[in-house]
Amino acid sequence: MSKNECINEIKITFPSYSTNEGTARAMVSAFCATLNPTVEELSDIRCAVSEAVTNCTVHAYKNVIGTVSLAVRLYADRTVRIEVKDKGCGIADVEEALQPLFTTDPEGERSGMGFTVMESFMDTVSVKSSVGRGTKVTMKRRLSPLPVKR
Amino acid sequence: MLHSVKNVEFSNESGVLTAFVKGEVDHHNAKSARSMIDRELEKIRPAQLALDLSAVSFMDSSGLGLILGRYNKALELGVKFTVRNPTPATMKIISLAGGERIFDVITDNIENDNT
């Protein structure tokens with residue numbers, strides 16, 4: 001068996017209601033739990049998903065409701081790959097958006113730390129965006145090996 | 001219209017208004033917590049505002065926005081601001097923004113508190 005073989009996958013789409021931030025976290029968390037991650041790993045992944053989905057509800061679909069696509073893949077080497085995609089407004093300057101404390105919405109008390117949280121809590125984060133067409137965030141985190149059973 | 005649960009409770013003792021924030025603090029839930037805390041803060045005008053985060057089961061950067069927003073509001077009103085009892089996961093988020101260098105983070109000994 002190849003080390004990087006995908007062993008399980010889910011795909012979900014949902015409307016960008018803010019209540020679905022919690023729904024997305026809960027679903028990803030339940031799915032990743034099948035790999036027996038540590039409490040901290042699961043908590044980090046939940047947080048990263050929450051940030052990515054919140055960006056869709058707050059920024060990509062500002063003042064409108066659109067579709068958020070979420071795909072999670074689990075690999076044999078215990079890598080979790082999460083893709084969050086929207087067809088919203090897009091980001092004109094991705095590099096600027098990735099800067100800690102950068103926000104386009106200070107009135108809404110956004111901390112500007114969303115991408116920083118994703119980058120801190122996941123091993124890799126990639127952001128592809130096109131203005132008027134949407135954004136795709138892909139994040140990976142390799143879970144620590146399972147403790148050896150005695 | 002989607003409703004938010006009441007996720008903040010208050011105590012007001014010896015000039016300290018404590019806001020006990022409960023459950024999941026994300027973008028969806030932060031809005032109601034924000035207006036509840038600000039309303040109480042403006043009504044009571046305490047000497048100190050404490051955000052007790054011991055019962056927070058999840059927090060992302062929206063929670064950070066809530067904390068920093070209340071810190072700024074307290075500063076504006078001349079009210080001392082502290083964060084109390086964040087869980088390790090919550091503290092991880094606070095530290096990402098260097099929150100502990102901006103305001104006091106106090107941990108009480110609550111190990112024997114089974115409430």
Side-chain angles (χ1 to χ4, degrees), chain A residues 14-26 28-29 37-62 65 68 84 97-122, chain B residues 1-5 7-8 19 21-38 41 51 53 56-76 81 83 86-103:
Chain A
F14 51 88
S16 59
Y17 300 129
S18 60
T19 41
N20 285 336
E21 293 155 8
T23 312
R25 285 198 297 275
V28 174
S29 177
T38 64
V39 172
E40 190 176 6
E41 284 168 344
L42 201 54
S43 161
D44 289 354
I45 290 170
R46 283 204 313 158
C47 212
V49 169
S50 194
E51 301 296 351
V53 173
T54 301
N55 277 349
C56 300
T57 66
V58 174
H59 300 294
Y61 298 120
K62 195 177 183 180
I65 296 297
V68 181
V84 179
L98 294 181
Q99 295 304 310
L101 305 174
F102 175 81
T103 181
T104 53
D105 182 22
E107 302 295 301
E109 289 196 350
R110 313 302 313 151
S111 66
M113 292 295 283
F115 279 122
T116 305
V117 168
M118 289 181 241
E119 287 178 333
S120 305
F121 288 8
M122 302 298 278
Chain B
M1 189 66 201
L2 299 159
H3 293 276
S4 294
V5 282
N7 50 356
V8 189
V21 184
K22 299 183 298 177
E24 305 205 317
V25 186
D26 61 5
H27 156 251
H28 179 71
N29 293 323
K31 283 180 269 186
S32 65
R34 170 188 181 174
S35 62
M36 286 172 77
I37 296 169
D38 284 358
L41 182 61
L51 290 192
L53 306 178
V56 169
S57 57
F58 172 85
M59 194 182 95
D60 63 14
S61 71
S62 300
L64 198 57
L66 176 76
I67 296 171
L68 292 171
R70 306 295 64 67
Y71 163 78
N72 285 328
K73 182 100 187 168
L75 200 67
E76 219 173 84
F81 180 83
V83 165
T87 64
T90 300
M91 196 58 219
K92 205 169 164 180
I93 298 273
I94 291 173
S95 297
L96 266 186
E100 69 274 36
R101 294 195 297 272
I102 302 169
F103 43 76

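Proteins get letters first, then strands, A, B, ... in listed order; numbering begins at 1 in each.
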Colleague: Quick one: what part of A/Thr57 sits under 4.5 Å from any heavy atom of chain B, side chain, backbone, both or neither?
Modeller: side chain
Colleague: Using non-hydrogen atoms only, which part of A/Asn20 is less than 4.5 Å away from chain B: side chain, backbone, both, or neither?
Modeller: neither
Colleague: Would you sort out whether B/Asn72 and A/Glu109 count as a side chain to side chain contact (heavy atoms under 4.5 Å, CB included), showing the intermediate values?
Modeller: CA-CA 11 Å; B/Asn72 285 328; A/Glu109 289 196 350; over 6 Å; no
Colleague: Is a donor from one side chain sitting under 3.5 angstrom from an acceptor on the other, for B/His28 and A/Glu21?
Modeller: no
Colleague: Decide, yes or no, whether a salt bridge links B/Glu24 with A/Arg46 under the criterion of side-chain N to carboxylate O below 4.0 Å.
Modeller: yes
Colleague: Under 4.5 Å heavy-atom distance to chain A, tell me which part of B/Thr87 shows up: side chain, backbone, both or neither.
Modeller: neither
Colleague: Under a 4.5 Å heavy-atom cut-off, does chain B meet the side chain of A/Val58, its backbone, both or neither?
Modeller: side chain
Colleague: Mind checking whether A/Cys47 and B/Phe58 have side chains closer than 4.5 Å, heavy atoms only?
Modeller: yes
Colleague: So, do B/Asp60 and A/Thr54 sit near enough that their side-chain heavy atoms are less than 4.5 Å apart?
Modeller: yes
Colleague: Quick one: OG on A/Ser120 to CG on B/Leu96, what's the gap to the nearest 0.5 Å?
Modeller: 4.5 Å
Colleague: For B/Gly65 and A/Ser111, work out which heavy atoms get closest and say how close.
Modeller: N-CB, 3.8 Å
Colleague: Do you know which of A/Glu40, A/Arg25, A/Met113, A/Arg110 has the most heavy-atom pairs under 4.5 Å to chain B?
Modeller: A/Arg25
